[in-house]
Amino acid sequence: MTFQSILDEIENNLKKILDGLSIPDVKFSVEPAKPGFGDVSSNISFLLSKQLKKKPKDIAEMLSEKYSHYSNTLVLKTEAHPSGYLNFFANWEKLPQLILSESYLDEFGDVDIGKDSTIVVEHTSVNPNKALHIGHIRNIIIGDTVSRILNKANYKVKVLNYVDDSGLQVADIIVGFNHFGFNQEPPAGKKFDHYCGDDVYVKTTEKYEKDSSLEEIRKNVLKELEDADSETAKFADKITKRVLANQLETCWNLAVSYDCLNFESQIIRSGLWSKIFEKLKEMTLIEFENEGKNAGCWVIRGENKEEDKVIVRSNGTATYIAKDIPYAAWKLGLLEDPFNYKKYEKEQPNSRILWQSTLDKANSVSQDFSGDKVVTVIDSRQARLQKIITTLMGKFKSIPDAYIHLGYESVTLSSDTAKILGLDTDGKQTQMSGRKGLYVNADSVYDILKEKTKQETQKRHPEMISSEIEKIAHYVSVGTLRYEMIKQDLDKIIAFDLTKSLSLEGDTAPYIQYTHARASRILENSGLTPSIDVDFSLLKESSEIALIKIIGLFDLQIRDAANNLSPKVIARYCHDLAVAFNSFYEKVKVLELGDEKLENSRLCLVNSFKITLEKALDLLGIMAPDRM
RNA sequence: GGACUCGUUGCAUAGCUUGGAUAGUGCGAACGCUUGCGGAGCGUUAGGUCGCCGGUUCGAAUCCGGUCGGGUCCGCCA
């Protein structure tokens, strides 16, 4: 039982009181109180104020008096605050025992929102013609963190990465290799994906700008790519797979993994489109336009004042958005699966099996990667298109909100960083651009962070062997990067600054990880294995109670994060845990107290904190070293 | 022209879904804390018309309408 148990007890008792007064159902709140107002607060008096025609304060007093007649084991006393709130003070003789013993269990924090249903989370989905930049990383970390949270909330999560391996962006690097003489091997020391993005892609598009006659070559390559058996398509397949392998290395390094890779080229060749096209016509969700500017096209009618959206051009080819419709339907399991699956060539670091779709029937098996629900992580610039998809899927699937677009604001470059990259933006932040070479590669950011943390660790521990320093620096850099990507609201722009964004103090991952290291050292120095068979009533200091209370809120936070698909909730929780522990650490001594019983109780609390923090950080994909 | 989104202290942000009590945090600034389980830490102080106007309400940072400012989207491109 966690803090939730006292909330339940209070809610039940208040309901009984209302029954006794024959007051019909009122949706009052019972939630953890703000500091200084007891442990639990309810707004019940405000809600009753109107129908009872009394002041909230008077109602609170009345309820407070009545409450004492009901059996309660976890509430010590109630208080009617002059403001009208009804506040409850927990029995801190009993609650610590409940919370701390729960925290030692494997299933601590588990909540059942998903009811074991399946949910698909699609994220990453980058063209395989360049290295991942810091903007892609936001998408990837959001997606990965959300899938971890959903998993904890009892969903069966399937993580997909949709590889956009056809279309212009890929055509451009193929043009570079085949027509502009770029070597197929990168210069020594450069990763292939960096080479394709930084050199081949950027310089090829530069050439178009200087000489528009080259566009012809581009068009021809694009056409050749459509035919799977063409030499160009086979070559492109080789190149994109190689870039993809590099991109996956970057993701794996950041503790991100997947269940399946889907390829756009295969979706196009699978015939899924014609099936969904028929279905759309049948359900009259699209209409053929006989006149006007869209004459000869199939369109989706715009809602309200929005423009109609062309789905099939007058020449019979499908538009960009049309390619997303069959994929969305496939993810929801609305179409017969045309794919077979085979294992990806390389194993993921966490040994999770990675499948990839294939149209090749040989050496492959069938699998099910569809879900009852689908979460698609794409930045907010795609909100309009995603809304169309969401609306369509809503008409296909009966479950409400089966298709969810999880949007987020993009990562921009600060004006200083843009300047470093050669663009004067007049003091304003600016959007990244792969085509213009205006971006910061994720690998570079990781490298810079790692170098910095390595130096810091070395300074603190001159005696430490290099492999351990390496490991710590890795955890801290991954932690920092991941934490920075999710600690704030999804719809706030992150203006990335190469020099400023790498702080290791304050509200950062290293602060939290450091706190964990402190706890680890206490346990290590004690030389004991903490047991939960201790006297919890000895934990009376306010900083102890505060820490226990936060530990007990773990499952409430997970519920909040999962319901709102909000990774920052967990980030804040980790920070709050760390703050509470540091305050405890400062005020209360654990070891060498000369009082074995008290020492054991406190050790148990320290261990409980450590376990909880590790679990919470795990949801963020962050590891906490025991020393740093 | 239409739509979406953000606006909280010098800067960066939490709280807004579900209206109530003292608007929480970090950076930066000033001061203080190590013969203490690790100072990537802790504490104290200063700093706030919650963009602006209006409405709903006993009560609005929170809900509604308007308005201003920043960002984004609106192609038979992808």
Side-chain angles (χ1 to χ4, degrees), chain A residues 27-29 31 33-37 41 43 45-47 49-50 55-56 81-85 87 127 164 166-171 222 289 293-299 302 304-307 309-321 323 379-385 387 407 409-410 412 428-429 431 453 456-457 460-461 476 487-489 491-495 500 503-515 517-526 560 563-564 566 568-569 572 575-576 578-579 582-583 585-593 602-603 606 627-628:
Chain A
K27 279 200 174 169
F28 56 89
S29 72
E31 46 196 23
K34 282 207 229 174
F37 296 103
S41 297
N43 66 351
S45 329
F46 297 113
L47 303 179
S49 162
K50 206 166 221 171
K55 286 181 187 163
H81 191 271
S83 64
Y85 268 108
N87 294 331
N127 289 104
D164 299 336
S166 55
L168 265 189
Q169 295 215 14
V170 168
L222 200 54
E289 197 73 278
K293 63 172 183 171
N294 292 333
C297 301
W298 287 90
V299 301
N304 301 324
K305 288 176 183 173
E306 282 171 21
E307 298 262 327
K309 190 78 205 165
V310 172
I311 299 298
V312 177
R313 303 183 184 98
S314 54
N315 69 5
T317 57
T319 57
Y320 170 67
I321 181 175
K323 290 178 198 164
D379 79 72
S380 312
R381 285 174 296 190
Q382 300 264 11
R384 202 187 193 87
L385 292 182
K387 202 183 148 207
E409 268 299 342
S410 46
T412 63
K428 284 184 180 170
Q429 51 177 261
Q431 291 281 336
T453 48
E456 184 66 29
T457 314
R460 287 159 188 266
H461 305 284
V476 173
K487 78 171 177 188
Q488 57 193 341
D489 204 274
D491 43 31
K492 258 170 184 148
I493 295 169
I494 297 179
K500 280 186 204 153
S503 166
L504 307 176
E505 287 162 21
D507 184 11
T508 65
Y511 168 81
I512 297 165
Q513 290 169 314
Y514 178 74
T515 311
R518 279 179 143 183
S520 299
R521 295 292 284 167
I522 293 178
L523 294 168
E524 202 180 307
N525 290 337
S526 81
D560 185 7
N563 279 330
N564 297 306
S566 182
K568 73 171 175 197
V569 170
R572 295 194 69 73
H575 183 253
D576 290 348
V579 168
N582 277 326
S583 171
Y585 185 92
E586 209 68 23
K587 285 175 193 144
V588 178
K589 204 164 146 46
V590 177
L591 301 177
E592 292 167 36
L593 297 172
R602 286 188 177 160
L603 274 174
V606 171
R627 305 183 63 178
M628 59 184 277

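Note on naming: letters A, B, ... go to the chains in the order of the sequence lines (proteins, then strands), and numbering restarts at 1 for each one.
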Out of B/C76, B/C37, B/C74, minimum distance to the side chain of A/E307 belongs to B/C74

Identify which nucleotide among B/G71, B/C37, B/C77 has an atom closest to any side-chain atom of A/K428, counting heavy atoms from C-beta outward.
B/G71

Phosphate-side-chain proximity, A/Y585 and B/G39, N/O vs OP1/OP2 below 4.0 Å:
yes

Looking only at B/C37, B/A21, B/G38, the nucleotide nearest the A/S41 side chain is B/A21

Is A/E307 salt-bridged to A/R384, cutoff N-O under 4.0 Å?
no

Any donor and acceptor pair, going by atom type alone, linking the side chain of A/T319 with main-chain N or O of A/I311 inside 3.5 Å?
yes

To the side chain of A/K568, which of B/A14, B/U5, B/G41 is closest?
B/A14

Hey, is the side chain of A/N525 poking within less than 4.0 Å of OP1 or OP2 on B/G38, counting only N and O atoms?
yes

Among B/C76, B/A14, B/G38, the one nearest any side-chain atom of A/V310 is B/C76

Ignoring backbone atoms, test whether A/N43 places a side-chain nitrogen or oxygen under 4.0 Å from the OP1 or OP2 oxygen of B/G20.
no

Taking A/S29 for the side chain and A/E31 for the main chain, is one N or O donor matched with an acceptor at less than 3.5 Å?
no

With under 30° as parallel and over 60° as perpendicular, where do the rings of A/Y511 and A/H575 fit, or are they tilted in between?
tilted

Is the shortest side-chain N/O distance from A/K487 to OP1 or OP2 of B/C27 below 4.0 Å?
no

Starting from P on B/C11, measure out to CD1 on A/I493 and report it in whole angstrom.
16 Å

Using centres under 5.5 Å plus planes under 30 degrees as the test, is A/F46 stacked with B/G20?
yes

Without hydrogens or angle criteria, can the side chains of A/R381 and A/Q431 be said to hold a donor-acceptor pair below 3.5 Å?
yes

Separation of B/G59 atom C1' from A/H81 atom NE2, nearest Å, is 15 Å

Between B/C76, B/A40, B/U72, which nucleotide has the shortest distance from any of its atoms to the side chain of A/S314?
B/C76

Please name the nucleotide paired to B/C11 by Watson-Crick or G-U wobble geometry with both distances under 3.5 Å, or report none.
B/G26

Of all the choices, B/A21, B/A40, B/C76, which nucleotide is nearest to the side chain of A/V476 once you look at every atom?
B/A40

Taking atom types as modelled and ignoring hydrogens, do the side chains of A/D379 and A/S410 form a donor-acceptor contact shorter than 3.5 angstrom?
no

Within the structure, does a side-chain N or O atom of A/R384 lie under 4.0 Å from either OP1 or OP2 of B/A3?
no

Protein-nucleotide distance (A/L47, atom CG; B/A21, atom C1'), rounded to Å:
15 Å

Under a 3.5 Å limit for both distances, which nucleotide forms a Watson-Crick or G-U wobble pair with B/U34, could you say?
none

Residue-phosphate contact under 4.0 Å: A/K492 side-chain N/O, B/G7 OP1/OP2
yes

Between A/Q488 and B/U13, is there a contact of a side-chain N or O with OP1 or OP2 at under 4.0 Å?
yes

Under 4.0 Å: is that the gap between some side-chain N or O of A/R313 and OP1 or OP2 of B/C77?
yes

Just wondering, do A/Y85 and B/G20 stack (centres under 5.5 Å, planes under 30°)?
no

Think A/R518 has a side-chain N or O under 4.0 angstrom from the OP1 or OP2 of B/G39?
yes

Can you check whether A/Y514 has a side-chain N or O nearer than 4.0 Å to OP1 or OP2 of B/A40?
yes

Closest nucleotide among B/A40, B/C42, B/A21 to the A/E586 side chain
B/C42

